[in-house]
Amino acid sequence: MCAKNFWTCTKKQIIKVTKNKFYCLVLMAFGTMVFLSFLTRCSKKINKQHIGIFQYREDTVFISESFDLNGESIFFKNKKLKFLTSSMLRNGIIEGENIQIIASDHKIFDNIILKGHWNSKDVLPEWFLGKNFKNAHQNFEVLKQFVEINASVFLNNILPIAVKHGEECFSGGRNIIIKGKDKKSSGLIFESKHSNLFFSYFRSVQGYNINLENMSLTTRDFIDGKLSDKSAEYFFSGTYYHSQLNPVAKPSLDSIRISNCMISGNISIAVYGAHSDNQTIQEFGSKNKISDLEVKNCHFDNANTPFVFSNMGYKNILIKNNVIKNFSETFLSISESGLNETYYEPLRKNKKTIEITNNIFENTRVVFTANDRALTPCVIKGGYGTLLFTGNTLKNLLPSNPYSDVYTLYYTCAHPGKCTFHNNTVTNVLGKGGSNNPASIIKDRGAQNLNMQENTFMVEKDALIKIGVIKSKNDDLSKIDGNTFLCTFMQIGNQTDFTKKMVFKNNTVRAPFINLSTEIYDIADLLFENNILEFEYFGPSGKNISVSRDGVFFLGRKRLDRIHGSAQGNFIMKGNRISIQKTRGNRFFYIQFPDGVQVGTLQNPDINYNYKNVIVQDNFYLNETQLGISLLDGENHQFDIQIDGQNNSIHVDDATGANHLRPNAKSYQSSVRFKKYKNSEGAPFVLIPGSTQKIIIEKRTAKKFLYFHIII
C-alpha cells in the first residue's frame, strides 16, 4: 500500500485500485506520524505533485490542476466536481453516483471514460472536445458517454455526428436529454444513414426517453440541398421488432418531448415497433406503450416519418404549434398490424388521447411516390383512441402518383374514443385519384364517433394542374376521364356493426370537380347541418367501384341493419346549401339507398327501423338538373327542400319497402319549392297515403303535366 492510497482514504475519497480496505482503516488511526512514515516508505511509487490535487469543501471537490490517473478508476458519490481554470483529468475512469460538474467550456477530460448514474445537468461536449468539433465520430462518442451516465447535454455549437456503418447502434443508457443555446446556432448534424428502421444512432431493447429543446437536427443531405420523398433515411432513436434483425425489441417509453426545435432533413426522431412474437400478452398489455409524446413550437422540413409507434399504446400525445413543411409520408404513425389476434384488445385499451392543435402542414412541391406506396402524405395514421384535431392548416399535400393516396385523416377511433375535427383549413389536400385509391376531399379511415365542425375544405384548379388532371384553368372539366381520375366529396371508413355516429356541421367545401359517390351506408346516426357545398362540375366515374353509381352524391346500401335492441339514431340533413353548376346527364341524386342485400324474408319481414327520424331540409342551386332523393329505412320522414336555378325537376323514390322485406315509413311529410320547374318523364313524386305533401312552383316552364307515383 502506497502513500497515495493512504492519502485518498484520509480524504474520504475512494480510488478504485487494488487495496485492502481493512488496512486503510488501520492506517488512518495512526495519524500524522504514520502517514509521514508511509510517505517515506512509498516515495518511489507516488508522484508528489498529485498529493492535494483534490480539495474539499462540504459536498464540493475542487480540482485545481491536471491529474493523470494512469488507467485507474475514481469513484464519487453525491459530490460536485469543480474544475478550476486549466485543470484536467487524463487517462482513466471516473465512476459516479449523483454527480454534478462545475466547469467552464474548456477541455477537462482527456482519454477519460465516464461510468455510473450521474444525473448531471447541462454537461458540455467541450469538456471532451475543447473547441474542435470537426470529427463526427468522436463527437458521437462523447454524446454516447453523456447518455450512458444519464446526463443532460447543453450545446453551444452545432456538432456533426456519425457512426462507422449503417448497422451500428449504441444501446447504453435510458434517457437522451439535449438542450441548445438556440435552434439556429446549436444542434446536431447527422452524417450517417442507417440501413433501415431496425437500426439507429441510439437503439436498446426498451428504447429511450427523449427531451430535445431549443436546438436543431439536420442531415448532411439537407445541407447539401438534397430533398427526399422516401421514408426516413436517418434514424435517431428507436427499437423496432424484427424476427432476425431485432428479435429482443420490447419498447416501453415514459416520455418524448421535443420543443422549440428545427428538424431539417429526412429524419426519424423516434421509430418504435412492438410485436406479439417476443412477449407475453400480460407484458404486452402492461409495458408496451409510450406514456407521453409532446411536440411543441417546432419547425420540420422534409422530415417524412419523424414519429412512428407501431403496435404501441399511448397515454397522451400532444402536437401543438408546429410548422411541418415538405413531407411525403405520415407525420405521426400509430398503426397496428401483424399481431396475434388476442393482442389487439390490450393494445387498444392502452390507446388514450391525441391532440393535434394549431399546426401548419404545408408542401411547396408535388410529392413523388413509388407505385407500391399507397399512403402519402398524411398527418396521422392509426388510432383507436380519442383524437382532437383543431385549428390546423393543411395545404398542398399533393402526390404525383395515381397509385398513391392522400388522407386528411387516416385515423380509426373505437368506443369509447371519438374523433373531433374542428376549425381547420384544408386546401389542396388531394390524391391523384386512380382506380385503386380514389381521391377524396375529406377522408376518414373509420372513426366510430366522428365530429367535424367549422372547417374549410377547398380544392383549387391549380392543384388539378399540378397533379396532371387538367392542363390549364380553362380546360373543360367535363372532359376529365373518370377512368384515370376518381374524386369523391368524402370517404368514410366503415363500421360493419352499424354503430357509426357522425356530425358534419357548419363546414364549407369548395372544389371544381367530383365524380364519385360518398358512401354512407353504415352511419347509424348522422347530423349534416348548415354546410356550404359548392362544386363546379359533378361528372361520371367512368367505371363502377363496389356498388357506387354515377350521378349519386350520398350513396347508401341496404346490406346492414340496426342491431336488434339497440337505440334508433336519426338521419338529419338540414340548413345545407348545395350548389352544382353543371352535371353530366342532367341528373343529381342527392341521397340514394338502392336495394342491396336484403335483411328480412317474405316469411319473416324486417320490422326494425334503422332510423327514428329521416329529415332533409336543404337548399339546392342546380341548373337544368333533376334532383333525386330516395326514402331511407326510417320510421318518420320529413322533407323540406328548395330548388333554385334554371328549369329543374325532382325525383323521389321509395326503396325501403321493396318486396315488403323492410317496413315502410309510418309518416311522411314533404314540401318542395321550385324557383323554375321543368317536368320530365320518369321523374315522379312519391305520394304516400296518409301523408302531407306540398309542391310550390314559382315558375313553370314545362308543357307536360306533373307525374306522380303512389306508394301503397
Side-chain angles (χ1 to χ4, degrees), residues 125-126 128-147 153-170 176 178-203 208 210 212-238 240 258 260-271 295 298-308 322-331 363-365 367-370 377:
E126 287 90 337
F128 279 94
L129 303 170
K131 300 298 182 181
N132 183 9
F133 310 115
K134 294 183 179 179
N135 190 323
H137 291 91
Q138 181 175 299
N139 295 341
F140 186 54
E141 290 299 319
V142 171
L143 195 60
K144 283 159 54 176
Q145 288 226 47
F146 290 144
V147 172
V153 181
F154 188 85
L155 298 178
N156 290 300
N157 301 276
I158 294 178
L159 277 64
I161 60 173
V163 294
K164 295 179 181 178
H165 56 80
E167 296 182 2
E168 179 186 353
C169 297
F170 177 67
I176 302 172
I178 308 175
K179 297 180 181 180
K181 180 174 62 177
D182 66 74
K183 58 187 176 183
K184 292 185 178 181
S185 63
S186 51
L188 301 174
I189 300 174
F190 294 172
E191 301 282 356
S192 302
K193 299 179 183 180
H194 282 85
S195 300
N196 51 52
L197 57 81
F198 302 106
F199 304 99
S200 52
Y201 284 94
F202 295 94
R203 186 192 77 179
Y208 290 87
I210 302 173
L212 305 178
E213 182 179 344
N214 208 35
M215 59 177 290
S216 64
L217 296 177
T218 311
T219 70
R220 177 54 59 188
D221 279 350
F222 190 86
I223 293 174
D224 292 340
K226 299 176 183 178
L227 301 182
S228 175
D229 289 335
K230 298 178 181 178
S231 297
E233 298 165 298
Y234 296 82
F235 296 93
F236 185 54
S237 77
Y240 205 99
I258 318 293
N260 198 36
C261 290
M262 183 178 296
I263 294 89
S264 304
N266 199 5
I267 300 170
S268 180
I269 297 175
V271 53
V295 184
C298 294
H299 189 285
F300 294 81
D301 198 337
N302 198 219
N304 295 330
T305 49
F307 302 101
V308 177
N322 304 286
V323 176
I324 297 92
K325 296 272 190 177
N326 295 317
F327 68 109
S328 73
E329 204 162 294
T330 178
F331 182 76
N363 285 352
T364 59
R365 59 192 177 85
V367 171
F368 174 79
T369 56

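The chain is numbered in sequence order, starting from 1. Here the structure is a predicted model, which means the values were calculated and not measured.
The backbone N or O of Lys134 lies less than 3.5 Å from a partner atom in the side chain of Asn132, making a donor-acceptor pair. At least one donor-acceptor pair under 3.5 Å links the side chain of Asn322 to the backbone N or O of Cys298. In this structure, the side chain of Asn304 engages the main chain of Ser228 through a donor-acceptor pair within 3.5 Å. Without hydrogens or angle criteria, Thr305 side chain to Ser231 main chain gives no donor-acceptor distance under 3.5 Å. Panel note: side chain Asn363, backbone Asn326; a donor-acceptor pair is recorded below 3.5 Å. In this structure a side-chain-to-backbone donor-acceptor pair under 3.5 Å is missing from Asn260 to Glu213. Side-chain atoms of Asn266 do not come within 3.5 Å of backbone N or O of Leu227 as any donor-acceptor pair. Not a single donor-acceptor pair under 3.5 Å links the side chain of Asp224 to the backbone N or O of Lys226. Between the side chain of Ser268 and the backbone N or O of Phe307, no donor-acceptor pair lies under 3.5 Å.
Residue Pro377 comes nearest to Phe327 through the heavy atom pair CB-O, 3.5 Å, listed as atom of the first residue, atom of the second, then distance. What you find for Ser216 and Lys183 is that their closest heavy atoms are CB-O, 3.2 Å. Residues Ile269 and Phe236 share a closest heavy-atom pair of O-CB, 3.6 Å.
One finds the NZ atom of Lys181 at 10.0 Å from the CD1 atom of Ile158 (value rounded to the nearest 0.5 Å). Within the model, atoms CG of Leu188 and CD1 of Ile178 stand 5.0 Å from one another, a figure rounded to the nearest 0.5 Å. Here the NZ atom belonging to Lys193 is positioned 4.5 Å from the CD atom belonging to Glu233, to the nearest 0.5 angstrom. Distance check: Ile189 CD1 to Tyr234 OH gives 11.0 Å after rounding to the nearest 0.5 Å. Here the CG-CG distance, from Asp182 to Asn214, works out to 6.0 Å after rounding to the nearest 0.5 Å. The CD1 atom of Ile161 sits 14.0 Å away from atom CD of Gln138, with the distance rounded to the nearest 0.5 Å.
At a threshold of 4.5 Å between non-hydrogen side-chain atoms, the residues Phe222 and Phe190 do not count as touching. Looking only at side-chain heavy atoms (C-beta outward), Asn302 and Thr219 stay at 4.5 Å or farther from each other. Val308 has its side chain out of reach of Phe235: every pair of non-hydrogen atoms, C-beta onward, lies at least 4.5 Å apart. With contacts defined as side-chain heavy-atom distances shorter than 4.5 Å, the pair Val323/His299 qualifies. Leu143 has its side chain out of reach of Pro125: every pair of non-hydrogen atoms, C-beta onward, lies at least 4.5 Å apart. Residues Leu129 and Val142 meet the side-chain proximity criterion, which asks for heavy atoms closer than 4.5 Å. Looking at Ser237 and Ile176, their side chains come closer than 4.5 Å, going by heavy atoms from C-beta outward.
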Show your reasoning for whether side-chain contact (heavy atoms from CB on, under 4.5 Å) applies to Lys131 and Asn157. CA-CA 9 Å; Lys131 300 298 182 181; Asn157 301 276; 5.7 Å; no
I would like to know whether Val295 and Phe300 meet side-chain contact (heavy atoms from CB on, under 4.5 Å); could you show each step before the answer? CA-CA 11 Å; Val295 184; Phe300 294 81; 3.8 Å; yes
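The aromatic rings of His194 and Tyr201 sit perpendicular, their planes meeting at an angle over 60°, well past the 30° parallel limit.
Under the ring-ring contact (aromatic ring centres under 6.0 Å, His included) test applied with Phe146, the options Phe202, Phe154, Phe128 reduce to a single match, Phe128.
Atom NZ of Lys179 has 12 or fewer heavy atoms from other residues, nucleotides or ligands within 6.0 Å.
Counting only N and O atoms by type, the side chains of Glu141 and Asn135 include no donor and acceptor under 3.5 Å apart.
In this structure, Phe140 has its ring center no closer than 6.0 Å to that of Phe170.
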